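To start, the structure under review is shown below, and the notes come after it.
Just so you know, residue 1 is the first one in the sequence shown, and it goes up from there. Small disclaimer: the values here were computed from a predicted structure and weren't measured.
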Amino acid sequence: MLRLLLLSLLGALLLLLVGDQVRRHYIVDVSGASASEVPLRRRPATPRPPATGTAVPSPAAAGVNGTATVERLARLAIRKRISEDAPATYIDSLLLTTDSVVRRWTERVAAPLRVAIVEGGTPDYQPHLVGYVYEAMHRWEALGLGLRFDVVPDTTDADIVVRWIDRFDIDRTGQADLAWDRLGRIRRASIQLALRDSAGTALSDEALLAVAVHEIGHAIGLPHSADPEDVMYPATRTGVLSPRDRRTAALLYQLPAGPISDRAD
């Protein structure tokens, strides 16, 4: 009996020693919760340092790289879209003249573009000339791009300012100067319309209207076209929007404004 009792005590001691060793290999994480809510888990092994030359990106860096990749793919998709539509539009000309920046009005698409028409400016000015500007704005607005024009009396807060001059010293009959930010958002535009060509010959009513339509086209962001049948041909011959004019304007206002070259990275 004594032998059996001693063996039982010895076995109990061994069990206690084994249990203590097992408990030393476990840890309870109780941060933010009670010990009863968090199950026991094995202590993770100490991580080995990465091999020499192996980069381990941080979560923040991984997020930045992921965003850059998405943006690069978006620009690639825009370039692909422009390339596919190249035969039917001249939007690629815009990228050549703006260093690969899609340039257009953005927040002003939802609200009317404020246009100030400054009458006078030259002795031969006639009040009916304002009507050509109204008609030019109507022709672009009728395309349904989301652009609307609202004539305002003051140039101070105007988005587009239109003025007349007698003539240019160089071979042109109109000029539109635009200001835009690095994201391609047009901020303002200034238009000058001549009453005579550079040689001093008075422009016909048809030519005055054609020039007004052409320069309003520039003011909304359109580039020149190489096709003489288009309103946006440099030596303007017509005030009637061609199918290419219409498609180019529609495409421009479907694309997001901003740089589309990989150099933007």
Side-chain angles (χ1 to χ4, degrees), residues 75 77-98 100-115 117 130-151 159-160 162 172-178 180 184-193 203-258 260:
R75 291 194 295 270
I78 295 172
R79 293 198 300 271
K80 185 174 183 293
R81 172 75 185 279
I82 291 173
S83 177
E84 290 173 347
D85 289 354
T89 73
Y90 46 86
I91 198 73
D92 52 339
S93 176
L94 173 63
L95 306 180
L96 294 175
T97 57
T98 63
S100 295
V101 175
V102 175
R103 176 194 67 192
R104 67 176 181 83
W105 295 94
T106 52
E107 67 273 9
R108 279 293 167 199
V109 173
L113 291 171
R114 300 175 298 242
V115 182
I117 303 175
V130 174
Y132 297 141
V133 179
Y134 274 90
E135 178 61 23
M137 292 188 295
H138 171 72
R139 294 187 181 187
W140 290 111
E141 192 176 84
L143 295 183
L145 306 176
L147 288 173
R148 293 178 293 128
F149 300 94
D150 185 19
V151 176
D159 300 303
I160 302 173
V162 181
R172 67 173 53 188
T173 52
Q175 180 171 313
D177 296 309
L178 276 64
W180 65 91
R185 300 173 297 191
I186 300 177
R187 293 308 190 188
R188 60 184 180 278
S190 177
I191 294 175
Q192 290 181 301
L193 302 174
L203 300 178
S204 66
D205 289 344
E206 292 78 8
L208 290 169
L209 174 59
V211 173
V213 176
H214 179 96
E215 299 306 332
I216 292 293
H218 280 317
I220 65 174
L222 290 174
H224 277 138
S225 166
D227 190 336
E229 299 300 318
D230 297 335
V231 160
M232 298 310 296
Y233 184 69
T236 313
R237 300 182 182 183
T238 178
V240 178
L241 302 182
S242 70
R244 272 166 49 91
D245 290 318
R246 295 169 182 268
R247 285 192 292 264
T248 302
L251 177 58
L252 175 60
Y253 278 83
Q254 290 170 9
L255 299 175
I260 64 170

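Side-chain atoms of Thr89 never come within 3.5 Å of backbone atoms of Arg247 as a donor-acceptor pair (strictly under, hydrogens ignored). Between the Arg185 side chain and the Ala257 main chain, no donor and acceptor come within less than 3.5 Å of each other.
Under the 4.5 Å side-chain criterion, counting only non-hydrogen atoms from C-beta, Val211 is not in contact with Tyr132. At least one side-chain heavy atom of Ile82 sits under 4.5 Å from a side-chain heavy atom of Ile78. Residues Leu95 and Val102 form a side-chain contact, since some pair of their non-hydrogen atoms from C-beta on lies under 4.5 Å apart. Side chains of Ile216 and Phe149 form a contact here, defined as non-hydrogen atoms less than 4.5 Å apart.
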* Pair Thr98-Trp180, side-chain contact (heavy atoms from CB on, under 4.5 Å): steps then yes or no -> CA-CA 10 Å; Thr98 63; Trp180 65 91; 4.2 Å; yes

* Asked: What's the verdict on side chain to side chain donor-acceptor pair (under 3.5 Å) for Ser242 and Asp230, showing C-alpha distance, side-chain angles and the deciding distance?
  -> CA-CA 5 Å; Ser242 70; Asp230 297 335; 2.5 Å; yes

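Minimum heavy-atom separation, Ala219 to Ile191: CB-CD1, 3.8 Å. Here the closest heavy-atom approach between residue Ala176 and residue His218 is recorded as CB-CB, 3.6 Å. The nearest pair of heavy atoms linking Ala249 to Leu143 is CB-CD1, 4.0 Å. Nearest heavy atoms, Ile186 versus Leu178: CD1-CD2, 3.6 Å. Nearest heavy-atom pair across Leu252 and Leu222 is CD2-CD2, 4.0 Å. Taking each heavy atom of Val151 and Met137 in turn, the nearest pair found is CG2-CE, 3.8 Å.
The side-chain contact (heavy atoms from CB on, under 4.5 Å) test applied to Pro228 returns Tyr233, Arg237, not counting sequence neighbours.
Annotation: side chain to side chain donor-acceptor pair (under 3.5 Å) contacts involving residues 136-150, sequence neighbours excluded, comprise Glu135-Arg139.
Atoms CD1 and CZ, from Ile91 and Arg244 in turn, are 11.0 Å apart once rounded to the nearest 0.5 Å.
Checked against Tyr90 for a side chain to side chain donor-acceptor pair (under 3.5 Å), the options Asp85, Asp227, Asp245 give a single hit: Asp245.
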